[in-house]
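Numbering of residues begins at 1 and proceeds along the displayed sequence. In this text the structure is predicted, and so the values were computed from the model without any measurement.
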Amino acid sequence: MQTASVKWIGEEKFVATSPSGHAITIDSDRASNKAPGPMELVLLALGACTATDVVMILEKKRQKARIVGGNLFWANEPRTADRLD
């Protein structure tokens, strides 16, 4: 089991420490924007996990990856599906 820790450091700021010991500051106050917010980190993690999968699949197929990357988008407002196409 891996354990991460999150420590409040005042205002809406936190220091999160990963199981491997890497620490990152998180700023939940988007007005001050002193560090990435929690949802930004989720989006970054999703992108990194997806890109890692692509690279690993290419390596298994003995394909050489030259550039792997992309843009991820997050809509901050709730959405509902009126219809499915």
Which pairs of donor and acceptor atoms, one on a side chain in residues 46-71, lie under 3.5 Å apart (sequence neighbours left out)?
{"unit_1": "Thr50", "atom_1": "OG1", "unit_2": "Leu46", "atom_2": "O", "d": "2.8"}
{"unit_1": "Thr52", "atom_1": "OG1", "unit_2": "Ala48", "atom_2": "O", "d": "2.7"}
{"unit_1": "Gln63", "atom_1": "NE2", "unit_2": "Lys61", "atom_2": "O", "d": "3.4"}

Can you name the side-chain contact (heavy atoms from CB on, under 4.5 Å) partners of Ala23, sequence neighbours left out? Val15, Thr17
Enumerate the side chain to side chain donor-acceptor pair (under 3.5 Å) contacts for residues 32-47, please, sequence neighbours excluded, ordered by first and then second residue. Lys13-Ser32, Asp27-Ser32, Arg30-Asn33, Arg30-Glu40
Run the side-chain contact (heavy atoms from CB on, under 4.5 Å) test against Leu43 and tell me which residues pass, sequence neighbours left out. Leu72, Trp74
Shared hydrophobic cluster for Ile24 and Leu44 (ILVMFWY, side-chain gaps under 4.5 Å): yes
Please identify each residue that fulfils side chain to side chain donor-acceptor pair (under 3.5 Å) with Thr3, with sequence neighbours left out. none
Search all heavy atoms of Phe14 against all heavy atoms of Ile9 and return the closest pair with its distance. N-CG1, 3.8 Å
Where Leu41 and Pro36 come nearest, the two heavy atoms and their spacing: CD2-CB, 3.8 Å
